[in-house]
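The structure appears right after this line, and notes come after that.
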Amino acid sequence: MKRLFITFLLAAGFFAIASAQKSLVGRVYHHPNIMAEEMNKKQKEIDSKLDETIKEEVAKAEKKKGRALTAEEQAQVKQKAKEAHEMAEALIKGTKTAVTVTFKSDKEVSMQMKLQMDDEALKNAGISWAKRKAIKAAIALMPTTQKMQYIVKDNLVICIDGKDRDTLTLSEDGKYLYGEMDEKTKFKLTRKQ
């Protein structure tokens with residue numbers, strides 16, 4: 001009787017472990033703007049360096065003219081630097097990169113990246129109509145969806161696209177999928193289905 005009980009416990013344990021490694025098929029992970037945190041860091045960096053940038057621009061203008069700038073010339077240089085700062089700020093605020101990862105089967109995953117640029121933000125940044133249209137056209141030509149094969153090892157999801165491999169990390173509870181765009185830009189996708 002004791003052996004039967006121990007065998008039953010072992011079988012239940014193995015069943016629990018096997019069922020814990022659920023299939024990813026049908027799961028959808030999403031983030032509306034994976035670059036938001038990085039963009040906020042860039043914005044703070046730009047903001048913190050504004051005074052330094054203005055001083056550098058004044059020094060460049062003085063070197064070019066071979067004399068100290070008048071108060072009016074300094075004001076013009078400062079205004080140009082502030083306008084460039086505002087343009088960078090508008091571009092940062094007006095750019096969003098949404099990412100969706102959908103597990104289509106037990107071997108195929110679809111990654112969708114949607115880059116959006118707010119036309120009004122670009123307009124406020126002083127970007128001309130023609131340049132805004134060119135930016136939109138370039139974005140429209142970019143591939144948005146990529147299908148690839150994947151394998152799962154423990155909590156790692158290894159996506160294989162020819163010779164390229166990307167590794168995503170699945171949280172223990174399966175609610176989040178973590179990845180990296182590059183060394184500095186990490187992202188977290190939240191499970192939607």
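In the hydrophobic clustering of this structure, Val101 groups with Met148; members are Ile, Leu, Val, Met, Phe, Trp, Tyr whose side-chain heavy atoms approach within less than 4.5 Å, directly or through other members. Cluster membership for Val99 and Val28, using ILVMFWY side-chain heavy atoms within less than 4.5 angstrom, is not shared. Tracing side-chain contacts under 4.5 Å through hydrophobic residues (I, L, V, M, F, W, Y), one never reaches Ile135 starting from Leu141; they form parts of separate clusters.
Counting only heavy atoms from C-beta outward, the side chains of Lys114 and Gln116 approach each other to under 4.5 Å. In this structure the side chain of Leu69 reaches within 4.5 angstrom of the side chain of Val77, judged on heavy atoms. Between Phe103 and Val109, the closest side-chain pair of non-hydrogen atoms falls below 4.5 Å. Within the 4.5 Å cutoff, the side chain of Gln146 has heavy atoms near those of the Asp161 side chain. Under the 4.5 Å side-chain criterion, counting only non-hydrogen atoms from C-beta, Leu168 is not in contact with Tyr29. With contacts defined as side-chain heavy-atom distances shorter than 4.5 Å, the pair Thr70/Gln74 does not qualify. Put simply, the side chain of Cys159 does not reach to within 4.5 Å of the side chain of Arg165, judged on heavy atoms. A heavy-atom distance below 4.5 Å is found between the side chains of Val152 and Leu24.
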Point to revise | CA sep, side-chain torsions, deciding dist, call: Lys80, Glu83, salt bridge (Lys or Arg N to Asp or Glu O under 4.0 Å) | key: CA-CA 5 Å; Lys80 284 183 183 179; Glu83 286 172 3; over 6 Å; no
Exercise for review: Dump the intermediate steps for side-chain contact (heavy atoms from CB on, under 4.5 Å) on Thr169 and Leu156, then the final yes or no.
Suggested key: CA-CA 5 Å; Thr169 305; Leu156 300 179; 3.7 Å; yes
Point to revise | Chi angles and distances behind the side-chain contact (heavy atoms from CB on, under 4.5 Å) call for His31, Thr100 | key: CA-CA 7 Å; His31 193 290; Thr100 305; over 6 Å; no
Check your understanding: Does the pair Leu189 and Tyr176 meet the rule for a side-chain contact (heavy atoms from CB on, under 4.5 Å), with working shown?
Key -> CA-CA 6 Å; Leu189 308 177; Tyr176 304 105; over 6 Å; no
Review point. Does the salt bridge (Lys or Arg N to Asp or Glu O under 4.0 Å) test come out yes or no for Lys82 and Glu57, once each step is laid out?
Key: CA-CA 11 Å; Lys82 286 182 181 179; Glu57 291 301 314; over 6 Å; no
Exercise for review: With salt bridge (Lys or Arg N to Asp or Glu O under 4.0 Å) as the test, would you mind laying out the steps for Lys96 and Asp118 before giving the verdict?
Suggested key: CA-CA 8 Å; Lys96 292 183 180 178; Asp118 181 18; over 6 Å; no
**Study point:** Check against side-chain contact (heavy atoms from CB on, under 4.5 Å), Glu73 and Lys65
**Key:** CA-CA 11 Å; Glu73 290 171 328; Lys65 290 189 180 255; 3.3 Å; yes
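Within the model, atoms CD of Glu45 and CG of Leu50 stand 13.0 Å from one another, a figure rounded to the nearest 0.5 Å. Atoms NZ and CZ, from Lys175 and Arg191 in turn, are 10.0 Å apart once rounded to the nearest 0.5 Å. Summarising the geometry, atom CD1 belonging to Ile160 is positioned 10.5 Å from atom CG belonging to Asp166; distances are rounded to the nearest 0.5 Å. Distance NZ/Lys104 to OH/Tyr150: 12.0 Å, rounded to 0.5 Å. Here Ile139 contributes atom CD1 and Thr144 contributes atom OG1; the two are 12.0 Å apart, rounded to the nearest 0.5 Å. We find the CH2-NZ distance between Trp129 and Lys123 to be 12.0 Å, quoted to the nearest 0.5 Å.
Listed by first and then second residue, the ring pair (Phe, Tyr, Trp, His ring centres under 6.0 Å) pairs that reach into residues 32-61 come to none, sequence neighbours excluded.
In this structure, Lys188 fails the cation-pi test against Tyr178, since its NZ or CZ atom is not both closer than 6.0 Å to the six-membered ring centre and inside 45 degrees of the ring normal.
Of all the heavy atoms in Ala68 and Glu62, the pair that sits closest is CA-OE2, 3.7 Å.
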